[in-house]
Amino acid sequence: MREGSYDSDRFHPLLGWVPAPNYANGGLHTNSLGLRGLREYPFERRPGLRRIVLIGDYYTWGEGTWSGEIRDEETFAARLEQQLACSEVINLGVHGWGTDQQYLYLRELGLRFQPDLVVLGFFEPDVERNGVGFFAYAKPRFVLMAGELVLENTPVPDGESLLATPFELPRSYLFSLVRMG
């Protein structure tokens, strides 16, 4: 993957992009799985602890304030964990993701933590991202076919493949719109 505006991103063939593991930049860190913060969470549950998994986009990740990126301990996941006794709050937020990617990540990684509760940090534009195969980077998407959701654009093409693909402009935008409709 070519580095874009987020040097913390790495290509992922199912999800499009994920945070790089063991990343550090100021107050922003990721653990060995690429989850926000330095803390490591084993998949096996410790007795007596509730587990909450957060999924979402850049607000859940800890971005979007006026000053930009916030420190690990300032994310709402970290603050929620501080407020809830006997609980672990695992932050699976990733900037720029639609709910399609959030669902796939929950299924691929989040459920392995055996959560008691999954919280979706919903942001309305995430739904719009579900309809596209590219947002910041190439991404998967679900389409409705014969009443069933079908996953498309997987494996997700990497940046080098996309750059090598010739791009053709339609002869007529009007013709393209009529053909799509």
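Positions are given from 1, in the same order as the sequence printed here. Hydrogens, waters and symmetry mates play no part in the numbers below; they use all other heavy atoms, side chains included.
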Subject >> Hydrophobic cluster identity match, Leu109 and Leu15, side-chain contacts under 4.5 Å >> reply: yes

Original post:
How about Val156 and Pro140: do any of their side-chain heavy atoms sit closer than 4.5 Å?
Top reply: yes

Original post:
Would you say Tyr23 and Leu28 make side-chain contact, with heavy atoms under 4.5 Å?
Top reply: yes

Subject >> Heavy-atom donor-acceptor pair, Asn91 side chain to Thr60 backbone, under 3.5 Å >> reply: yes

Original post:
Mind checking whether Trp97 and Tyr105 have parallel, tilted or perpendicular rings, split at 30° and 60°?
Top reply: perpendicular

Subject >> Value rounded to 0.5 Å, distance of CD1 in Ile55 from CG in Leu92 >> reply: 8.0 Å

Original post:
Has the side chain of Glu81 got a donor or acceptor atom that lies under 3.5 Å from a matching backbone atom of Ala78?
Top reply: no

Original post:
Once you round to the nearest 0.5 Å, how far does CG of Leu54 lie from CD of Gln102?
Top reply: 11.0 Å

**OP:** Tell me, with the steps shown, if Arg129 and Asp57 meet salt bridge (charged side-chain N to carboxylate O under 4.0 Å, His left out).
**Re:** CA-CA 11 Å; Arg129 296 175 191 154; Asp57 67 358; 3.6 Å; yes

**OP:** Hey, could you give me the CG/CD1 distance between Leu35 and Ile90, rounded to the nearest 0.5 Å?
**Re:** 7.5 Å

**OP:** Report whether Val94 and Leu151 are members of the same hydrophobic cluster (ILVMFWY, side-chain heavy atoms less than 4.5 Å apart, transitive linking).
**Re:** yes

Original post:
Would a distance-only check, ignoring hydrogens and angles, find a side-chain to backbone donor-acceptor pair under 3.5 Å from Asn31 to Gly34?
Top reply: yes

Subject >> Within 45° cone and under 6.0 Å: Arg112 NZ/CZ vs Phe43 ring >> reply: yes

**OP:** Among residues two or more places apart or on two chains, list those pairs meeting salt bridge (charged side-chain N to carboxylate O under 4.0 Å, His left out) that have a residue in residues 136-148.
**Re:** Asp100-Lys139, Arg141-Glu152

**OP:** Starting from the C-alpha separation in whole Å, work towards a yes-or-no answer on ring-ring contact (aromatic ring centres under 6.0 Å, His included) for Phe11 and Tyr137.
**Re:** CA-CA 9 Å; Phe11 173 74; Tyr137 305 107; 9.2 Å; no

**OP:** State plainly whether one hydrophobic cluster holds both Tyr103 and Leu149, where clusters connect Ile, Leu, Val, Met, Phe, Trp and Tyr through side-chain heavy atoms under 4.5 angstrom apart.
**Re:** yes

**OP:** Please name the pair of heavy atoms, one in Leu33 and one in Phe113, separated by the smallest distance, quoted to 0.1 Å.
**Re:** CD1-CZ, 3.8 Å

**OP:** Without swapping roles, check the side chain of Ser8 against the backbone of Ala20 for a donor-acceptor pair under 3.5 Å.
**Re:** no

Subject >> Parallel, tilted or perpendicular: rings of Trp17 and His95 (30°, 60°) >> reply: tilted

Original post:
Will you find, in the side chains of Glu40 and Ser32, an N or O donor that is under 3.5 Å from an N or O acceptor?
Top reply: yes

Subject >> Shared hydrophobic cluster for Val53 and Phe76 (ILVMFWY, side-chain gaps under 4.5 Å) >> reply: no

Subject >> Point-to-point distance, once rounded to the nearest 0.5 Å, from CG of Asn130 to CD of Gln101 >> reply: 8.0 Å

Subject >> Salt-bridge criterion met for Glu88 and Arg45 (N-O under 4.0 Å) >> reply: no

**OP:** Check for a donor-acceptor pair, side chain of Asp9 on one end and backbone N or O of Pro19 on the other, with a separation under 3.5 Å.
**Re:** no

Original post:
Are Arg79 and Glu73 ion-paired here, with the side-chain N under 4.0 Å from a carboxylate O?
Top reply: no

Original post:
At their closest point, which heavy atom of Asp116 faces which heavy atom of Leu49, and how far apart are they?
Top reply: OD2-O, 4.1 Å

Original post:
Are Val18 and Leu106 co-members of a hydrophobic cluster defined by side-chain heavy atoms under 4.5 Å apart?
Top reply: yes

**OP:** Find out whether Leu14 and Glu108 are in side-chain contact, i.e. whether some heavy atom of one side chain is under 4.5 Å from a heavy atom of the other.
**Re:** yes

